[in-house]
Amino acid sequence: MSRYKLQINGDDVEVDATPDMPLLWVIRDKLKLSGTKFGCGIAQCGACTVHVDGVAVRSCVLPVSAVSGPVTTIEGLADGNDLHPLQTAWIEHDVPQCGYCQAGQIMSAAALLSTNSQPSDNDIDQALAGNYCRCGTNVRIRRAVHTAATFYNADKGNG
Amino acid sequence: MSMNKISRRGLFKASAMVGGGLMLKLSLPVNAMEGDATTLVKSNELNFYVQIASDGQITIYAPNPEMGQGIKTALPMIIAEEMGARWEDVEVIQAPVDGKKYGLQGSGGSMSVFRNFDTMRTMGASAREMLIGAASLLMEVEKKELEAKESQVVHGSGRSMSFGQLASVAAQQPVPDPEQLSYKDPRSYTILGSSVGSVDNLVIATGLSKFGIDVDVPGMKYASYTRCPRPGGKALSFNEEEIKALPGVIDAFILQPDASSGKASMAFLRGLAALQGGVAIVGDDTWSVFSAKSKLKVNWDESGASRDQWSQMIEDARDIAAKGGGEVKKAGPAVDAAFADNNNRVQEGFYEFPYVAHVCMEPMNCTVDYRKGATADLDSMEIWLGSQFPFQVKEIAENMLGVKQSNVTVHGLRMGGGFGRRAVHDFAAEAMAISHRSGLPVKLTWTRTDDIHNDYFRVGGFENMKAAISPDGKLAAWDQHYIGFANNGKPVIGSGLRGNELPMVAFDNARVTQSMMPVDTACGAWRAPGSNTNAFVEQSFIHELANLAERDHAEFLIELMGSRRWIKDGNISALNTGRAIDVIKLAVEKAGWGKTMPEGSGLGLAFYFCHAAHVAEVAEVSVDADRNFTVKKITAAIDVGPIINMSGAINQVQGSIVDGLSTMALQEITMSNGRIEQDNFHQYSVMRIAATPEIDVHFIQSDNKPTGLGEPALPPLAPAVTNAIFAATGERIRTMPLSKVGYKLV
Ligand code: FES
Ligand code: FES
């Protein structure tokens, strides 16, 4: 058992964990942030996607001892009171069915939009290739990412 | 932590950005967990489903479990419509599991809308009459001069009072006699039939929605469970000292199988929920019990374990098909004569479909707090889980551990997928036994491997088909031999023919026989049981026959329907050939049936009737020389009566089509000496987003009662795609998944 200092959603936290404990379980069981989901544990489904240093990673295979930067989870994606454009677009397009995969989908899409604010269908397919949706909301996910991109750009223009 | 930075104010800002004609409800519930319904400020209760606060907030309780099918939104919409409420004023809360108040709180068989429509209307109309009664008192006018709309009761003179102003007086009004209630004219509906966003979208998009796996109760510990890799095996001993010495491990012990948990009042569940033998590990967090699980060395007693072997089953089925025979389900008068007639042309085909798993995105899990009482009849239990029939776990608690059902509290949480898997509660039996044995509140979480290995699979099977076409291109004889699976002599769920399928239901000279092979692998309900495989065989073979007859497929299919009629008048489970013909015609029209297709491309059609729904689908597919195939577009035409929530309905159809494609293209579970050979998603994959087709959905909103959409759009997908591949390539596919016969979905 060792002590690890992490920055999660802007807050500094310290946790006691074995070095091999994946970030996923630190977030869920130790920090009680349950928005990040467990789906496979082998980097196949994307349910556990979070950002480390702004990059989308599969937290189920990232040992806590290897976390090298600030972590953002779905709970930290909104900017204070304001939803992230993807969250708004997800609601507008009524994307979720069971909803279990959606935090991972949104986090993968958010990483895409932060580097590519006008993604093509192909860009979206690439960025979300690691995220399963067992309920088959794929059609709406694509549309919602496009809509979010327009919000995103409008926001930047206004800012 | 930054968990709850989102405020109502921020959300209203979001709502201003939202358009697109979708009705939205943007407020953050006090707490997304059902258990906290009781902590809400008690407002004026008009009935078990409806409360109205003096500030105008309307709370509607959603009775049935939500697994992604949209029922938590759809049923409250019916109440709100009939009340005259504005949807924006409605907050939906999952009702507690309480059959006395809320009836059969189950989700399965796509029947929730049909079964509950009248009750929901009654609850809404009853609340509306109580509000009008209150307004008549307070405004001193006749009830018949009043109308409820937009969350107000309005008088002909223009005076009005809001629901909030009326709420406390309305709650004191006598409950109207249901026989005396009148209902809105559907033409005046403002909520039903519109597009309403799911009530939980906001908590889902912000990560605050609580699924079973997210439950956290005071003092809770974490558990894993490991069964014998060969189903039916029992644990004799394990490396107990080594496991208990691992970091974060509190306890580890063997559980013996217990058949008593398999008693159930619902017939289809009987025998399914039995506790299987295995090793439980309890620890401080999920990772500790998962990593300890991976270090387990168990000595298993496999004397009673499954020896199922899929490759052998395929060989046996071919032998059975060659011999013929089987139990006769239907005996057409002149089937053999039609085959013997040299003027007829004959087609034969042997079809195969595999076992498949549910792989709900949320692996099975259950949290249980067993509390020992001063005397045995005071033992109690609190259970948290996502379940399609949550009340069923109370029976397991009583049958297995002797806890009186009245001492069991069940919290039904949102499910990360159900598809039939969460109708069976073997994982809940495990969690109960672990909490009971350890004396601790525990959350049992399955690994993905547990979730696949311990599934109640969609049963695989085979059908040997033969038919004759007369010289004038008409169906002359149909011979269908189903080779499926039985356990203890009883066909497992989804195996076999019901006799209500096409063409035999509308065509006399058909022989239908059935043979069953024994199986030990657990089978269960998987989205549209039976239909999802029968549709593939029957609708593919009808296409084979249309080709043999050199007829247009759509025309041939419509001809098989015969005259427009309801096979059993008034019975929603019976095919209505008129509705069938209408959806087929609409699907082919919208898909551009008959247009010239480029080289390597084709259109394929299929129709299926199940769950009271008539569905036709046309697939547009292209195939390259290496058998890489792309499904470009699916056009679906559907008659499920009037639509409750247009956005939710389309979502279900899109999802069923993606699910159907993913399954038919990629998925197969195989058994080797009883062991399930697929361990995780690297060996059992789900379709990736790039392969998603365009999906074009059309509804015929016929004048029938509304029925459900969670399942019926799935069955026609597979044959529509293989028929399109035939149109593109001339190659007939009679085996699922397509990956097994060299086709790759791209
Ligand atoms: S849980 Fe991490 S990718 Fe599936
Ligand atoms: S919404 Fe259920 S898995 Fe994506």
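Owing to the predicted nature of the structure, the values given are computational and were not obtained by experimental measurement. Numbered from 1 within each chain, the chains take letters A, B, ... in sequence-line order.
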**Report entry** Among A/Cys133, A/Ala43, A/Ala17, A/Gly99, residue most engaged with chain B (heavy-atom pairs, under 4.5 Å)
**Finding:** A/Gly99
Report task. Using a 4.5 Å cut-off on heavy atoms from C-beta on, say whether the side chain of B/Gln654 contacts that of A/Thr137. Result -> no
Query raised in the report: Is there a side-chain contact between B/Asp214 and A/Lys37, using heavy atoms and a 4.5 Å cut-off?
Result: yes
Requested in this report: Kindly indicate whether the side chain of A/Trp90, heavy atoms from C-beta on, has any atom under 4.5 Å from the side chain of B/Ile204.
Outcome: no
**Report entry** Residue pair B/Phe419 / A/Cys135, side-chain heavy-atom distance below 4.5 Å
**Finding:** yes
Query - Largest heavy-atom contact set with chain B, pairs under 4.5 Å, which of A/Asn122, A/Ile74, A/Asp29, A/Ile42 - result: A/Asp29
Query raised in the report: Any idea which heavy atoms bring B/His358 and A/Arg134 closest together, and the distance?
Result: O-NE, 2.7 Å
Report summary line: Scanning both residues in full, the closest heavy-atom pair of A/Asn131 with B/Arg688 reads N-NH1, 4.2 Å
Requested in this report: Please tell me if the side chains of A/Met1 and B/Pro247 come closer than 4.5 Å, counting only heavy atoms from C-beta onward.
Outcome: no
**Report entry** Residue pair A/Cys40 / B/Phe681: nearest heavy atoms and the distance that separates them
**Finding:** CB-CD1, 3.5 Å
**Report entry** Distance-minimising heavy-atom pair for B/Ser647 and A/Asp94
**Finding:** OG-OD2, 2.6 Å
**Report entry** Largest heavy-atom contact set with chain A, pairs under 4.5 Å, which of B/Arg527, B/Met220, B/Gln652, B/Glu694
**Finding:** B/Gln652
Report summary line: Closest non-hydrogen contact found for A/Phe38 with B/Arg448 is CZ-N, 4.1 Å
Query raised in the report: More than 12 foreign heavy atoms under 6.0 Å from CD of B/Gln683: is that the case here?
Result: yes
Report task. Among A/Met21, A/Arg140, A/Gln102, single out the residue with the greatest number of heavy-atom pairs under 4.5 Å to chain B. Result -> A/Arg140
Report summary line: Highest number of heavy-atom pairs under 4.5 Å with chain B among A/Asp20, A/Thr18, A/Val95, A/Asp79 belongs to A/Asp20
Query raised in the report: Picking from A/Pro96, A/Ala103, A/Ala47, A/Gly35, which has the most non-hydrogen pairs under 4.5 angstrom with chain B?
Result: A/Pro96
Query raised in the report: Would a 4.5 Å heavy-atom cut-off, applied to side chains only, mark B/Val359 and A/Tyr132 as touching?
Result: no
Query raised in the report: How far apart are the C-alpha atoms of B/Asp285 and A/Arg28, what are their side-chain angles, what is the distance that settles it, and do they pass the salt bridge (Lys or Arg N to Asp or Glu O under 4.0 Å) test?
Result: CA-CA 9 Å; B/Asp285 50 68; A/Arg28 287 183 54 83; over 6 Å; no
Query raised in the report: At their closest point, which heavy atom of B/Thr692 faces which heavy atom of A/Val139, and how far apart are they?
Result: CG2-CG2, 3.6 Å
